Amino acid sequence: MPEHVTVERSKNRDHGDYATNVALQLAKRAGKPPREVAAVLAARLTAVDGVASVDVAGPGFLNVTLDAASAGALARTIVEGGAAYGRGDSLQGLKINLEFVSANPTGPIHIGGVRWAAVGDSLGRILRAAGADVSTEYYINDAGVQIDKFGASLMASANGRPVPEDGYVGEYINDIAAEIVAAEPDVLTKPEDEQKKVFTAVGLRLMVAEIQRSMEEFGAHFDVWFSEKSLHASGAVEKAIERLRAQGHVYDDGGAIWLRTTDFGDDKDRVLIKSDGETTYFASDAAYYLDKRDRGNEVCVYMLGADHHGYVGRLKAIVACAGDDPEHNIEVLIGQFVKMLRGGEEVRMSKRAGNIITIDDVVEWIGVDAARYSLARSSTDSTLTLDIDLLTSAARENPVYYVQYAHARTCSIMKNAAAAGVDKGSADQFKPELLSHELESILLGVLGEFPQVVAKSAEWREPHHVARYLEQLAGAYHRFNDSNDNRVLPIGDAETTDLNRARLWLVEATRTTIANGLELLGVSAPERL
RNA sequence: GCGCUCGUAGCUCAACGGAUAGAGCAUUUGACUACGGAUCAAAAGGUUGCAGGUUCGAAUCCUGCCGAGCGCACCA
């Protein structure tokens with residue numbers, strides 16, 4: 001038998017409900033033509049309970065069609081499963097640390113960071129739905145020269161001086177500086193070095209609080225906000241270097257202390273402690289990784305921007321130098337940039353010019369739901385281009401509303417049903433075989449795919465499959481809903497039939513599945529738009 | 001120069017090595033005195049950057065080329 005046998009929903013209605021290529025895979029080893037192998041399997045499959053027919057098609061595909069009753073029974077399964085429908089146990093028992101965004105606390109989160117917030121938070125939800133024990137984490141780079149520059153920039157602003165070379169500019173610098181002065185009016189009378197300490201420390205605290213507020217408003221939740229500085233304060237960096245030394249990968253050269261990362265595929269060895277005695281950012285990275293592992297995380301997932309892809313080699317080398325498995329204990333996901341268009345032209349963001357587009361801007365323009373959805377519905381492998389004019393002027397065209405509207409329509413029907421005193425009845429009164437209309441079969445087929453979509457999204461660490469699935473599901477529902485053949489509720493004073501009740505089960509199953517899917521994306525499922 | 005990633009409809013993006021490569025936007029034409037028209041039906045739109053190779057089968061895997069983005073510090 002082949003290692004994997006794929007059974008998938010048939011894309012084409014003529015190909016039954018499910019299709020498998022197993023006969024094509026087996027043909028060579030069986031020494032028989034694929035169609036002949038398929039015929040043998042078809043005979044066996046036809047006898048399976050719930051299977052209406054099995055056809056051999058094309059080069060040797062097996063197309064399986066279920067009988068209406070077993071297909072329709074899914075509606076009951078979903079309704080009874082409720083919020084649990086779609087959840088699985090494929091990652092049961094796996095403790096995963098998921099680090100994302102981790103933007104420098106020297107300014108607001110810009111558009112690039114928003115992509116990771118949307119994708120990372122959704123990924124966390126999806127991994128949990130697959131049974132994993134997930135801890136989400138934001139690494140605060142609160143040590144290093146960029147923090148000094150940040151403090152110096154704030155001090156310069158407060159004193160009405162131009163920002164220093166390589167400093168930070170922008171409205172937010174002036175705002176934070178003013179806030180610090182307002183809170184501590186006597187700060188400007190202190191000597192420069194005292195001032196700088198205050199501006200740096202308080203500025204950092206305010207900036208981190210600002211980022212935390214933005215993330216919370218965006219619905220992105222982090223279980224841990226991890227301070228880089230704390231690694232130095234606790235002595236974790238020194239201890240990490242000792243541990244790596246004990247593994248035999250640390251050496252001295254030119255007055256500096258190095259990690260021999262080239263042993264594990266890195267381009268060059270990396271400095272842990274510079275010849276002036278200062279530890280490097282890389283040393284913090286090593287200590288941070290070991291700390292994550294010490295906290296019981298089996299897999300550490302890093303979501304990095306494309307500008308950091310050069311880190312993959314050295315991060316994996318850290319893992320290997322620590323004696324861990326770089327193919328299992330660490331996963332580095334590289335995401336491409338987001339490009340913004342305005343007036344048909346690319347918006348060139350520069351921190352220097354202070355024209356950055358922030359997470360708060362995006363939320364103000366289109367709202368959290370549309371922002372999260374727009375960012376999470378495509379793969380992070382490709383650069384994403386967002387047209388600001390289109391997003392704001394044609395906000396209603398956003399596919400998120402297509403999905404949310406489908407959900408609202410199911411709610412509307414259920415509300416109308418309740419008002420008319422129509423009830424779907426108990427589970428044993430439900431007659432699934434009545435859901436035999438083509439549009440009902442298609443809808444049931446899509447509904448049945450949800451658990452697999454969630455499991456695959458989790459396995460591949462790709463949330464966008466959930467969004468695409470929801471669009472497909474919403475489409476199937478809209479078509480069902482708009483077809484006059486599939487009226488759910490009785491018209492006027494007509495008596496409620498078993499078919500009305502069966503369709504209510506289907507509508508509720510749809511509502512449940514859309515709501516569960518949107519939850520995985522951190523997008524709301526409103527009852528009306 | 002070396003390395004990583006990406007080239008799919010006019011635009012933005014999908015497609016676990018499978019059957020006729022799909023959606024939305026934009027364009028054209030239709031559908032509400034019945035569960036919300038933020039919807040639906042239909043038309044048009046493609047040599048999947050180019051050329052080879054592997055395979056019963058390639059947008060997908062391999063090689064080369066072209067193009068784009070990013071990265072190649074005792075910075076963080």
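When reading the values below, keep in mind they use all heavy atoms of this one structure, side chains included, and skip hydrogens, waters and symmetry mates. The chains referred to below are lettered A, B, ... by the order of the sequence lines, with proteins before strands, and numbering in each begins at 1. For clarity, every value in this text was computed on a predicted model and none was experimentally measured.
In this structure, Arg487(A) and Val145(A) both approach RNA chain B, and ranking their closest nucleotides by distance from the 5' end singles out Arg487(A). Nearest-nucleotide mapping onto RNA chain B: of Asp253(A) and Thr383(A), the residue sitting toward the 5' end is Thr383(A).
Atoms CG and OG1, on Asp55(A) and Thr65(A) in that order, are 6.0 Å from each other to the nearest 0.5 Å.
Contact of His309(A) with G3(B) (side chain to base): a donor-acceptor pair of N or O atoms is detected under 3.5 Å. A donor-acceptor contact under 3.5 Å is not formed by the side chain of Thr280(A) with the base of C74(B).
Note on Thr385(A): only backbone sugar-phosphate atoms sit closer than 4.0 angstrom, heavy atoms only; bases stay farther off. Among the protein residues, Gly254(A) comes within range of the nucleic acid bases, having at least one heavy atom under 4.0 Å from a base atom. Contact annotation for Ser284(A): no contact, since no heavy-atom pair falls under 4.0 Å across all strands. Within the nucleic acid shown, Leu384(A) comes within 4.0 Å of sugar-phosphate atoms alone, with no base atom in reach, counting heavy atoms only. Counting any heavy atom pair closer than 4.0 Å across all strands shown, Tyr402(A) reaches sugar-phosphate atoms only and no base atom. Counting any heavy atom pair closer than 4.0 Å across all strands shown, Glu459(A) reaches no nucleic acid atom. No engagement by Ala420(A) is indicated, since no non-hydrogen atom pair under 4.0 Å with the nucleic acid exists. Residue contacts for Asn486(A): at a heavy-atom cut-off of 4.0 Å it reaches a base atom on one of the strands shown. Within the 4.0 angstrom heavy-atom criterion, base atoms lie near Ala256(A).
Remark: the separation of the P atoms in C11(B) and G71(B) is 26 Å, to the nearest Å.
Comparing C75(B), C25(B), A38(B) by their closest approach to the side chain of Glu397(A) singles out C25(B). Side-chain atoms of His465(A) lie closest to A15(B) of the nucleotides C74(B), C70(B), A15(B). Ranking A23(B), A14(B), C70(B) by closeness to the Ser378(A) side chain, first place goes to A14(B). Side-chain atoms of His478(A) lie closest to C40(B) of the nucleotides A38(B), C35(B), C40(B). Ranking C35(B), A14(B), A38(B) by closeness to the Ser379(A) side chain, first place goes to A14(B).
Salt bridge Arg511(A)/Glu508(A): absent, no basic N to carboxylate O contact under 4.0 Å. Taking 4.0 Å as the cut-off between side-chain N and carboxylate O, Glu471(A) and Arg377(A) count as a salt-bridged pair.
Proximity of a side-chain donor or acceptor of Asp17(A) to a complementary backbone N or O of Leu66(A) within less than 3.5 Å is detected.
The aromatic rings of Phe150(A) and Tyr172(A) lie parallel to each other, their planes meeting at an angle below 30°, with 60° marking the opposite boundary.
The distance between the ring centers of Phe264(A) and His249(A) falls below 6.0 angstrom. You'll find the ring centres of Tyr402(A) and His478(A) inside the 6.0 Å limit.
Put simply, Lys339(A) has no side-chain N or O that comes within less than 4.0 Å of OP1 or OP2 on U12(B). At the phosphate of A15(B), OP1 or OP2 sits under 4.0 Å from a side-chain N or O atom of His464(A). Distances shown here put every side-chain N or O of Lys415(A) at or beyond 4.0 Å from the OP1 or OP2 atom of C35(B). At A38(B), none of the side-chain N or O atoms of Arg528(A) fall inside 4.0 Å of OP1 or OP2 (strictly under the cut-off).
Cation-pi check for Lys456(A) over Tyr469(A) is not met; the charged atom does not lie both under 6.0 angstrom from the ring centroid and within 45 degrees of its normal. Taking the centre and axis of the six-membered ring of Phe337(A), the NZ or CZ atom of Lys339(A) falls outside the cone set by 45° and 6.0 Å. Both the sub-6.0 Å distance and the 45° axial angle are not jointly satisfied by Arg396(A) relative to the ring of Tyr401(A).
Stem regions annotated for RNA chain B: B:1-7 with B:66-72, B:10-13 with B:22-25, B:27-31 with B:39-43, B:49-53 with B:61-65, counting only runs of 3 or more consecutive pairs of Watson-Crick or G-U type with both contacts under 3.5 Å.
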N/O to N/O distances under 3.5 Å, protein versus nucleotides 18-22 of chain B:
residue, atom, partner, partner atom, Å
G18(B), N7, Asn21(A), ND2, 2.7
A19(B), N6, Asn63(A), OD1, 2.9
A19(B), N1, Asn63(A), OD1, 3.2
A19(B), N1, Asn63(A), ND2, 3.4

Passes salt bridge (charged side-chain N to carboxylate O under 4.0 Å, His left out), Asp253(A) versus Arg260(A)? Steps please. CA-CA 11 Å; Asp253(A) 185 50; Arg260(A) 203 184 313 274; over 6 Å; no
